[in-house]
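Following: one structure in structure tokens, then a few remarks.
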Amino acid sequence: MNPAAKQTASPTRPLPLVIGVTGHRDLRPQDRGQLETTVRQILEQLQADYRHTSLVLLSALAEGADCLVAQVALDLGIRLIVPLPMPEEEYKREFTSDNARAEFYRLLQQAEKSFPLPPISETVGNAGNSEAGRNQAYALVGAYIARNSQILLALWDGADSTTTCGTAQVVRFKLRGVDAPWGPKRNPLDPVDSGPTCQVVTPRASVAEEPADAFMVRLLLPTDAAEQAIREIHPPFRLLSNRTAERVHRRILRRMDRFNRDVGRRWGVLAQRSEQSMGHVFSAATAMHLPASATSALAYYGVADALALHYQRWTLRSVRAIVLLVMAAAICYQIYASAEPKPLWLLIGYLATFVGAYLVYAWGRWGLDCHNKYLDYRALAEGLRVRMFWRLAGIKTQVADRYLSKQHSEMDWIRQAIRVWTIPAHADTASAELAAADPARLQLVLDHWVKDQERFFQKAAKRNERRARLFVALSSGFFFLAGFGLAVVKVSPLNIDLPSVSY
């Protein structure tokens, strides 16, 4: 058994919905109960709306709002991933009391993963002992959470701020995109990678005046003008409804939920095929020596590739069925039109085959949606495979930042899927840096990607050429014989009306 197949042993809800958290540290003690209730209702509604998808909370576990939301999420069985702005020993000094520090460690022990983010440079994102360095580290972790979550949950009073490390800045990151140096450099023609923010209006202990709309829930949406569109929402907190401004973001979550549903429903068929897909990339012996990040990416690739092949087969079956039924309908009609007397069964056969062809098309197009799913899942599988080989080659650039960047509407969910499926994106940075100096890993990339793709396309080109020639020959011969046969039937003596002779 391929070692990577162990990663797919539990296929239920493979793609998570990642919720990022930001908020005030100075919460008022009397507000904690109200905030916990509101956050719980929001998370429960997301679980109900996307029932095939598991939720993951991305939180830095800063004092206050981060820890409050993390505790509610853990109580609901939601997985917790903790990106730290600085090493743990240094981060613990940021907490103001022993109780807050104890809460941090208690939650950290329940997290599925935790990792410190590497500094962007010696001065940006490196906390050190300076206040500026710590602020830059907090800005870096806020940018990471904004970029790697589908929805940002902000416990925020709505007051704007010019600081680079506050809650307002993280909300701006989510609504307007993350620019350098906090994120990758973006081509001017590339669309902004932004998303929705769910704001719970939260009072602060350091501000005497309570907001007039305290504890109200708002959905902040990015628009084409990079301004926030605000909509007040109330229980049951349907965050992403069918309104025009929300359709793009809602479509992403629905496509991911649909993928999870397809994997869960067809896992009995996919289990063995996903292992076969992984074996086509790496043998079991080779996979045993891959780093953990490449092994998990290989497992994800196997699932997506097996599902893509499943829907490819159904697409081909549907096309063949439609072609055969249409040909049968045409033959029935021609014979019916030429025969005298006209048999009723031929007319019924013509109508039945024609309707059957339409029903097969409708089932494949709107019922199973096999062709679109095949294309989407194939694109997802290829993106995951590229991501795996990039990491082996020591390339730090994230595939989700570059893959299908010009197709910003239909393909958004694929980039999001690659991003959330490979969290933590920076946890294996050290191994990626070592890969550039490891000739063995580079040889793996050369043998199993570059040369393998060369062999594949050479073989595919020859195969497709043979198929094209065979198709032309068969189609030409068939249509010639069919046309000739129909012409013979048409001019046969049985169909010639002889003139009547009167004596």
Reported [atom1]-to-[atom2] distance for the pair [X] and [Y], which is rounded to 0.5 angstrom:
{"X": "S206", "Y": "D26", "atom1": "OG", "atom2": "CG", "answer": "3.5 Å"}
{"X": "L220", "Y": "T197", "atom1": "CG", "atom2": "OG1", "answer": "5.5 Å"}
{"X": "L15", "Y": "Q416", "atom1": "CG", "atom2": "CD", "answer": "10.5 Å"}
{"X": "Q169", "Y": "D160", "atom1": "CD", "atom2": "CG", "answer": "9.0 Å"}
{"X": "R387", "Y": "Y300", "atom1": "CZ", "atom2": "OH", "answer": "9.0 Å"}
{"X": "Y105", "Y": "L61", "atom1": "OH", "atom2": "CG", "answer": "11.5 Å"}

Which atom names give the shortest non-hydrogen contact between [X] and [Y], and what distance separates them?
{"X": "D262", "Y": "K373", "result": "OD2-NZ, 3.2 Å"}
{"X": "A308", "Y": "R378", "result": "CB-N, 3.6 Å"}
{"X": "S194", "Y": "R176", "result": "CB-N, 4.3 Å"}
{"X": "P196", "Y": "L221", "result": "CB-CD2, 3.7 Å"}
{"X": "D157", "Y": "P211", "result": "CB-CG, 4.2 Å"}
{"X": "L155", "Y": "V39", "result": "CD1-CG2, 4.2 Å"}

Is [Y] close to [X] at the side-chain level, that is, under 4.5 Å between some pair of heavy atoms?
{"X": "R254", "Y": "D257", "value": "no"}
{"X": "D305", "Y": "V281", "value": "no"}
{"X": "E44", "Y": "L76", "value": "yes"}
{"X": "L68", "Y": "R32", "value": "yes"}
{"X": "Q71", "Y": "R106", "value": "yes"}
{"X": "F115", "Y": "L117", "value": "yes"}
{"X": "V303", "Y": "W267", "value": "yes"}
{"X": "L140", "Y": "P85", "value": "no"}

- Could R40 and E36 be called an ion pair, given the rule that one side-chain N must be under 4.0 Å from one carboxylate O? no
- Item | Basic-acidic side-chain contact under 4.0 Å: R258, D369 | yes
- Taking the six-membered ring for Trp, are W413 and Y377 parallel (under 30°), tilted (30 to 60°) or perpendicular (over 60°)? perpendicular
Give a yes or no answer on whether the side chain of [X] reaches the backbone of [Y] with a donor-acceptor pair at less than 3.5 Å.
{"X": "T167", "Y": "G23", "result": "yes"}
{"X": "S97", "Y": "A100", "result": "yes"}
{"X": "K174", "Y": "A146", "result": "yes"}

Between [X] and [Y], do the side chains contain an N or O donor and an N or O acceptor separated by less than 3.5 Å?
{"X": "R273", "Y": "Q276", "answer": "no"}
{"X": "D49", "Y": "Q45", "answer": "yes"}
{"X": "N99", "Y": "E103", "answer": "no"}

- Item | Worked verdict on T202 versus D31 for side-chain contact (heavy atoms from CB on, under 4.5 Å) | CA-CA 8 Å; T202 305; D31 297 335; 5.8 Å; no
- Message: Checking side chain to side chain contact (heavy atoms under 4.5 Å, CB included) between L153 and each of T22, L46, L57, V69, which is the one that passes?
- Response: V69
- Item | Matching residue for W156 among R204, R218, H24 - test: side chain to side chain contact (heavy atoms under 4.5 Å, CB included) | H24
Take atom [atom1] in [X]; do more than 12 heavy atoms of anything else shown fall under 6.0 Å from it?
{"X": "W449", "atom1": "CH2", "result": "yes"}
{"X": "E209", "atom1": "CD", "result": "no"}
{"X": "Q272", "atom1": "CD", "result": "no"}

- Task: For R101 and D98, run salt bridge (Lys or Arg N to Asp or Glu O under 4.0 Å): C-alpha distance rounded to whole Å, both residues' side-chain angles, the deciding distance at 0.1 Å, then the answer.
- Result: CA-CA 5 Å; R101 196 173 296 110; D98 292 338; 2.9 Å; yes
- Query: So is R25 actually on top of Y138's ring, under 6.0 Å and inside 45° of the axis?
  - Reply: yes
- Task: Go through the steps for L55 and Y50 under the test side-chain contact (heavy atoms from CB on, under 4.5 Å), then give the verdict.
- Result: CA-CA 9 Å; L55 268 57; Y50 305 99; 5.8 Å; no
- Message: Does E88 form a salt bridge (Lys or Arg N to Asp or Glu O under 4.0 Å) with K92? I'd like the steps, not just the answer.
- Response: CA-CA 6 Å; E88 183 180 326; K92 69 180 183 181; over 6 Å; no
- Task: Evaluate the salt bridge (Lys or Arg N to Asp or Glu O under 4.0 Å) criterion for residues R255 and D412: first the C-alpha distance (whole Å), next the side-chain angles of each, then the deciding distance (0.1 Å), finally the verdict.
- Result: CA-CA 10 Å; R255 292 282 180 89; D412 271 343; over 6 Å; no
- Query: Applying the ring-ring contact (aromatic ring centres under 6.0 Å, His included) test to H448, which of F389, F282, F456 qualifies?
  - Reply: F282
- Message: Please evaluate residues Q453 and R385 with respect to the criterion side-chain contact (heavy atoms from CB on, under 4.5 Å), reporting the C-alpha separation (whole Å), side-chain torsions for both, the decisive distance (0.1 Å), and the verdict.
- Response: CA-CA 12 Å; Q453 289 293 287; R385 183 165 65 162; 3.1 Å; yes
- Task: Test side-chain contact (heavy atoms from CB on, under 4.5 Å) on L290 and L444 and set out the steps.
- Result: CA-CA 10 Å; L290 295 176; L444 283 176; 3.9 Å; yes
